[in-house]
Engineer: 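My questions will all concern the structure given below.
Proteins get letters first, then strands, A, B, ... in listed order; numbering begins at 1 in each.
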Amino acid sequence: MPELPEVETIKRGLAPFIKGKKILEVEMLRPKLIKGMSPSIFAKKVKGDTILGIERRAKYLLVPLKSGNTLIFHLGMTGALLKSVHKKPLSKTGEEAQKYIRISGNVILDFSDLRLFGKIWLVPSKKVLEQKEIKKLGVEPFSKAFTLDWFTKELAKRKTKIKLLIMDQAFVVGVGNIYANEVLYRAGIHPARPANKITPKEAKKLHHEIIDVLSDAIKHGGSSVDNYVDAEGGEGTYGKLHKVYDRKGEPCTKCRGVVQKISLGQRGTYFCPKCQK
DNA sequence: AATTTAGCCTGCGCGC
DNA sequence: TGCGCGCAGGCTAAAT
């Protein structure tokens, strides 16, 4: 599922391709997932506009348009934003049934979402940061604001389980279930540890691994779990490097332990009981 | 106020 | 073999 590395990979794949392209058509097979306005108004407003670029904020993709509006995409669990080369018609059955929206012209963008957890908004660019979903977002892990000092102090203030905290998008953005598991494994911290029980030394390791795991995953084009594909429809290779995620019962790569699975916050949580305390 | 839970969706894997 | 239940989970809204 798309977490920061996957969304970043899509952004990088689309960036050189869509800038300056004009939107000539909007086709919608799943109009209900347009948020904040009726699908027909959405289509009317988007048609004829020109794409200025693409940015990422947390797991959201922001596509500013020349008119002063911005398209906001969230890929949910199984969303994909694909650039198409061939303009074959969308059909409501078969392989393309899941294609939700197509924005086409000098570029064809297919937003495909199997489980329909994805969302699309069109908002005035000036109001993007006021959009409630965007406004509540926490710190970007690759930004200067994500300092060790700040991170350590925040951990000391909270008693929630550390895995839930690093997945909290109001705290630090971009870390979803896969990377939370991997980050904690590398940091040697048990996912259920209360945040305020984590020592400054461990906090330093954790802070480092958040950045490091996400960076590594981006280098590998993300993890192709749950049908994730990049803008070209290609798979990411980081999934092969997962040390604990979806490895229940398999041997730990560092010790003789066996990867365990528990549930935290109703999410599958994988860890090595010997390496992670 | 902080933290937890339910619900949104659909396909697949597991157990019987 | 076939079927149905439960899981997968990002995020919001509702509940505690």
Side-chain angles (χ1 to χ4, degrees), chain A residues 1-10 28-36 56-62 72-81 92-101 111-121 123 130-138 140-141 153-184 191-197 214 217 222-229 236 239 242 244-250 259-270:
Chain A
M1 62 299 305
E3 301 181 26
L4 187 149
E6 289 76 25
V7 178
E8 179 67 21
T9 299
I10 291 170
M28 292 179 283
L29 296 185
R30 306 275 196 166
K32 281 184 184 171
L33 294 189
I34 298 281
K35 305 299 174 184
R56 180 189 60 75
R57 170 74 172 110
K59 301 174 191 172
Y60 293 83
L61 286 167
L62 310 176
I72 304 177
F73 297 90
H74 192 288
L75 303 175
M77 275 265 309
T78 52
L81 197 54
K92 292 189 181 182
T93 56
E95 187 190 336
E96 297 206 331
Q98 53 183 271
K99 291 283 193 301
Y100 161 55
I101 180 170
F111 185 97
S112 160
D113 188 4
L114 190 60
R115 285 181 208 171
L116 305 176
F117 279 21
K119 293 181 169 115
I120 302 175
W121 295 264
V123 301
E130 296 169 32
Q131 183 79 11
K132 72 175 193 302
E133 290 83 358
I134 304 291
K135 195 175 181 178
K136 66 171 66 162
L137 293 170
E140 286 283 339
K153 284 176 179 163
E154 285 295 322
L155 291 196
K157 282 192 232 170
R158 322 246 192 156
K159 48 190 175 188
T160 187
K161 295 176 178 70
I162 189 61
K163 177 169 179 255
L164 301 183
L165 182 59
I166 63 173
M167 286 177 69
D168 182 353
Q169 301 301 296
F171 179 53
V172 175
V173 303
V175 178
N177 198 38
I178 294 174
Y179 297 113
N181 283 301
E182 297 298 318
V183 162
L184 289 167
R193 279 265 296 284
N196 60 4
K197 302 285 188 200
L214 293 176
S223 304
S224 281
V225 171
D226 255 333
N227 299 338
Y228 164 75
V229 287
H242 292 169
V244 286
Y245 182 79
D246 205 21
R247 293 193 68 247
K248 180 188 174 185
E250 293 179 39
V259 176
Q260 306 285 308
K261 183 183 182 188
I262 58 172
S263 181
L264 286 187
Q266 296 162 314
R267 301 243 152 79
T269 300
Y270 302 84

Engineer: Tell me: CD1 of A/I120 to C1' of C/dG10, nearest whole Å?
Structural biologist: 16 Å
Engineer: Expressed as a whole number of angstroms, how long is the span from A/R267:CZ to B/dA6:C1'?
Structural biologist: 11 Å
Engineer: Give a yes/no on whether any side-chain N or O of A/K59 is located under 4.0 angstrom from OP1 or OP2 of C/dC11.
Structural biologist: yes
Engineer: Rounded to whole angstrom units, what separation is found between the CG atom of A/D246 and the P atom of C/dG9?
Structural biologist: 8 Å
Engineer: Are OP1 or OP2 of C/dA13 and a side-chain N or O of A/K132 less than 4.0 angstrom apart?
Structural biologist: yes
Engineer: Applying a 4.0 Å non-hydrogen cut-off, can you work out what A/K157 is touching in the nucleic acid: base, sugar-phosphate, or nothing?
Structural biologist: nothing
Engineer: What does A/Q266 touch in the nucleic acid at a heavy-atom separation under 4.0 angstrom: a base, only the sugar-phosphate, or nothing?
Structural biologist: base
Engineer: Whole-Å distance between C/dG10 C1' and A/Y60 OH?
Structural biologist: 8 Å
Engineer: Just to be sure I understand the rule, does A/G268 reach a base, reach only the sugar-phosphate, or reach nothing, if contact means heavy atoms closer than 4.0 Å?
Structural biologist: sugar-phosphate
Engineer: Of the listed nucleotides (C/dC11, C/dG10, B/dT10), which one gets closest to any side-chain atom of A/L116?
Structural biologist: B/dT10
Engineer: A/F117 CZ to B/dC9 C1': how many Å, rounded?
Structural biologist: 4 Å
Engineer: Return the value, rounded to whole Å, for the distance between atom CE of A/M77 and atom P of B/dG7.
Structural biologist: 18 Å
Engineer: Quick one: is A/T160 getting a side-chain N or O under 4.0 Å of the B/dT4 phosphate, OP1 or OP2?
Structural biologist: yes
Engineer: Take the protein atom CD1 of A/I262 and the nucleotide atom P of C/dC7, then report the distance between them rounded to whole Å.
Structural biologist: 15 Å
Engineer: In this structure, how many angstroms lie between the P atom of C/dG10 and the CG atom of A/D113, rounded?
Structural biologist: 13 Å
Engineer: Provide the Watson-Crick or G-U wobble partner of C/dT1, both distances under 3.5 Å; none if there is no partner.
Structural biologist: none
Engineer: Can you tell whether the side chains of A/E6 and A/K59 come within less than 4.0 Å, N to carboxylate O?
Structural biologist: no
